[in-house]
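All remarks here apply to the structure that follows.
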Protein chains: 2
Amino acid sequence: MLSNLCTDLATGRLSRMPAHRTARERARAELTAAIKDEARRQCGERGADGLSLRAVARELGMVSSALYRYFPSRDDLLTALIIDAYNDMGAAVEQAAEQHEHPRERWRGACHGLRTWARTHPHEYSLLYGTPIPGYQAPQDTVSAARRVPAVLLAAVSDGWKAGEVEAPFAAPELSPLLREQIGVVGTALAPGVPEEVLARTMIAWSQLFGMVGFERTGHFVGSVDPADEFFTYAVEQMTLFVGLS
Amino acid sequence: MLSNLCTDLATGRLSRMPAHRTARERARAELTAAIKDEARRQCGERGADGLSLRAVARELGMVSSALYRYFPSRDDLLTALIIDAYNDMGAAVEQAAEQHEHPRERWRGACHGLRTWARTHPHEYSLLYGTPIPGYQAPQDTVSAARRVPAVLLAAVSDGWKAGEVEAPFAAPELSPLLREQIGVVGTALAPGVPEEVLARTMIAWSQLFGMVGFERTGHFVGSVDPADEFFTYAVEQMTLFVGLS
DNA sequence: ACAAATTCGAGAGCACTGCTCTTGACTCGA
DNA sequence: TCGAGTCAAGAGCAGTGCTCTCGAATTTGT
C-alpha cells in the first residue's frame with residue numbers, strides 16, 4: 001500500500017492523494033519532496049549527468065542507501081524530475097498564452113513563453129528534449145504532461161479557426177492518406193473541426209519552435225544569429241503567418 | 001613536437017600531416033584510430049554516456065592508463081568523436097545534395113539525407129545536437145565542421161536565387177537592423193548576393209529541419225505522426241515552398 | 001494494550017568509473 | 001652508443017549506482 005503511495009509521490013501526483021494520516025506518511029512525503037528539490041538543484045548546477053544519489057543523500061544528511069527507500073533507482077528519480085519539468089514548462093506556457101485574448105496573441109505568447117522557460121531552466125529543458133536516456137521508456141504519465149505545450153499551440157490555432165481568422169498563406173501540397181489519419185487523431189483530441197492542412201502546419205511550426213529553442217540552448221546559433229532574441233521574434237512572426245494566424 | 005601530432009590526430013586532422021616517418025608514429029596513428037573506432041562502437045551501442053575509457057582499453061587489450069597517452073581525458077576523446085561525427089554527417093548531406101542538379105532537388109536531397117543520417121547514427125546525432133556536455137567548450141575545429149550542413153542548405157537556396165527561382169510565398173515582416181546585420185554576416189560568407197529575407201527564411205527552415213529530426217529521434221512524435229516518414233516528407237515540401245524554392 | 005507486521009536509517013560491501021603517479025622497458029635520433 | 005623521449009603497466013585515490021543485512025522505530029490488527 002505504501003509502495004503505491006511512494007509511486008504516486010514520485011510521479012508528482014501528490015495533490016490527488018488524501019491528507020497523510022500517520023506521522024510516517026507525512027515524514028515520507030516531506031522527505032520525498034526534499035530529495036526531489038535537492039536533486040533538481042544539483043541537476044540545475046551540473047546537469048542531469050551530474051545528478052548523484054550519493055551527493056543528494058550527503059546534502060540531506062542521510063546515507064545513500066536510505067534514499068533507495070524513496071526512489072528505487074537513479075532513473076526513477078530522474079523520471080520524477082522529468083514529469084515535474086514537463087508540468088512546470090506546460091504551466092509556464094499556458095500562463096504565457098492566457099495573458100492574451102486574441103488567438104494570434106496567445107500563439108505568440110506561448111512561443112515566447114516557451115523560450116523564456118527554456119532559458120531559465122536550461123538543464124531541465126535538456127532533460128526533456130536533449131539526449132534520451134539509453135533504455136529509458138517514458139511512462140504514460142510523462143506523455144500527458146508533455147502534451148501540454150502542443151495543446152496550447154493547437155488551442156490557439158483552433159480558436160483562431162473557429163473565429164474565422166486562419167487563412168493559408170500559400171497553397172499546400174496534398175496530404176497523404178496516412179498522414180491525414182495520423183493528424184486527424186491529434187485533431188479530434190485537441191482541435192476538433194480544424195482541417196488537417198492547418199493542423200499539419202501547426203505541427204511543423206511546433207517542431208520549428210523547439211528546433212530553434214534547442215539550437216539556442218545548445219549554442220548552434222553562435223556565430224550567426226546569437227544573441228537570438230530578434231531572430232526568435234522574427235521566426236515566431238513568420239511561423240504565425242505560416243500557420244495562417246493572419 | 002609529437003604532442004602537436006597527438007592533438008592533430010585527436011582532432012581528426014590526420015590527413016594534413018605528412019606520412020609517418022618512424023615506426024613509432026605509425027603505431028601511434030594506428031592505435032589512435034583504433035581507440036576512436038572502439039569508442040565510436042561503444043557510443044553507438046550505449047550512447048555517449050556509456051563511453052568508458054576503461055572498457056575501450058579493455059577491449060583493445062591494454063590498460064586504461066595507457067589510453068591517456070593518446071587522449072588526455074574522456075572529454076578529449078569525445079571531442080574527437082564529435083568532430084568526426086560532424087564531418088561524417090556533413091559529407092552524407094553533401095553527397096545527398098550532390099546527387100541532384102536542380103536547386104530545389106538539392107534542397108530536398110539534403111533534408112532527406114540529414115534525416116537518413118540521423119536515423120542511422122542516432123547516438124552520434126545526440127552527441128551533436130543533444131544535451132550539451134557541462135563545461136564543454138566547442139573548439140574551433142568543430143564549428144567549421146558543424147557548418148557543413150547549413151552550408152549545403154544555403155548553397156541550394158543561393159543557387160536557386162541566382163537562377164531566379166526563389167520567390168517569397170507570402171509577404172515577410174521587416175527585418176530589424178541587428179538581425180539584418182547578423183544574417184548578413186552569414187550571407188556574405190556562404191551565400192553572397194542573396195537577400196537577407198531569403199536567408200532568414202532559410203535559417204528558420206534549418207532549425208525546423210533539425211527540430212523535426214530531433215523530435216523523431218527523441219520520440220516526441222510517438223502518439224501523433226510517428227512513424228514520421230510521410231510527415232517529414234510533407235514538412236520538407238512545405239519548407240521548400242517556405243524558403244521560396246518554388 | 002500488546003504483539004505482529006511493516007518501514008525505516010545505517011553500514012558494509014561489490015563492481016564499476018575517470019584519473020594520477022611511478023616504474024621499468026623500449027625506441028629513436030644525434 | 002647513449003641520452004632524451006615515449007611507452008604500457010600497475011597501484012592507488014576518490015567517486016559512483018546499487019544490494020544486502022541488521023537493529024530500531026512505527027504502524028496496524030486484535
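Numbered from 1 within each chain, the chains take letters A, B, ... in sequence-line order. In this text, all values refer to a predicted model and were calculated from it rather than measured experimentally.
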For B:Y129 and B:Y86, take the angle between the two ring planes, folded into 0 to 90°, and tell me which bin it lands in: parallel under 30, tilted 30 to 60, perpendicular over 60.
perpendicular

Using a strict cut-off of less than 4.0 Å between a Lys/Arg side-chain nitrogen and an Asp/Glu carboxylate oxygen, indicate whether B:D229 and B:R115 qualify as a salt bridge.
yes

For the pair made of CD in A:E59 and C1' in D:dG15, what is the distance, rounded to whole Å?
16 Å

Can you list the steps and then say if A:F232 with A:H112 is a ring pair (Phe, Tyr, Trp, His ring centres under 6.0 Å)?
CA-CA 8 Å; A:F232 184 86; A:H112 283 90; 5.2 Å; yes

Send over the distance from B:E30 CD to D:dC7 P, rounded to a whole Å.
14 Å

Heavy atoms from C-beta onward define the side chain here; which of D:dG17, C:dT20, C:dG9 lies closest to that of B:Y68?
C:dT20

Figure out the CG/P separation between B:D49 and D:dG17, and round it to whole Å.
12 Å

Tell me whether the OP1 or OP2 atom of D:dT16 has a side-chain N or O from A:R74 closer than 4.0 Å.
no

State, with a plain yes or no, whether a side-chain heavy atom of B:L53 is found less than 4.5 Å away from one of B:S64.
no

Hey, is the side chain of A:S52 poking within less than 4.0 Å of OP1 or OP2 on D:dG17, counting only N and O atoms?
yes

Mind calculating the distance between CG (B:L78) and P (C:dG18) to the nearest angstrom?
10 Å

Counting only side-chain heavy atoms from C-beta out, which of D:dC18, D:dA8, C:dT17 sits nearest to B:L31?
D:dA8

Look at B:E216 together with B:R119 and state whether they make a salt bridge at an N to O cut-off of under 4.0 Å.
yes

Parallel, tilted or perpendicular: which one describes the rings of A:F221 and B:W206, with boundaries at 30° and 60°?
perpendicular

Grab the CZ-P distance between B:R58 and D:dA8 for me, whole Å please.
18 Å

In whole angstroms, how far is the C1' atom of C:dT6 from the CZ atom of A:R24?
7 Å

Is it the case that over 12 heavy atoms from other parts of the model lie below 6.0 angstrom from the CD atom of A:E45?
yes

Round to the nearest Å and state the distance from B:R28 atom CZ to C:dC28 atom P.
14 Å

What nucleotide, of D:dC7, C:dT17, C:dG9, holds the atom closest to the side chain of B:Y70?
D:dC7

Using a heavy-atom cut-off of 4.0 Å across all strands, would you classify B:L67 as base, sugar-phosphate, or nothing?
nothing

Under 4.0 Å between any heavy atoms, over every strand shown, what does B:L51 touch: base, sugar-phosphate, or nothing? Just pick one.
sugar-phosphate

Is there any protein nitrogen or oxygen under 3.5 Å from a nitrogen or oxygen in nucleotides 9-13 of chain D, and what are the pairs?
residue	atom	partner	partner atom	Å
D:dA9	OP2	B:V63	N	3.2
D:dA9	N7	B:S65	OG	3.0
D:dG10	N7	B:S65	OG	3.4
D:dG10	O6	B:S65	OG	2.9
D:dG12	O6	B:R54	NH2	3.3

Quick one: label B:L60 by what it contacts on the DNA or RNA (base, sugar-phosphate, nothing), any heavy atom closer than 4.0 Å.
nothing

Atom CD of B:E25 and atom P of D:dG5 are separated, to the nearest Å, by 15 Å

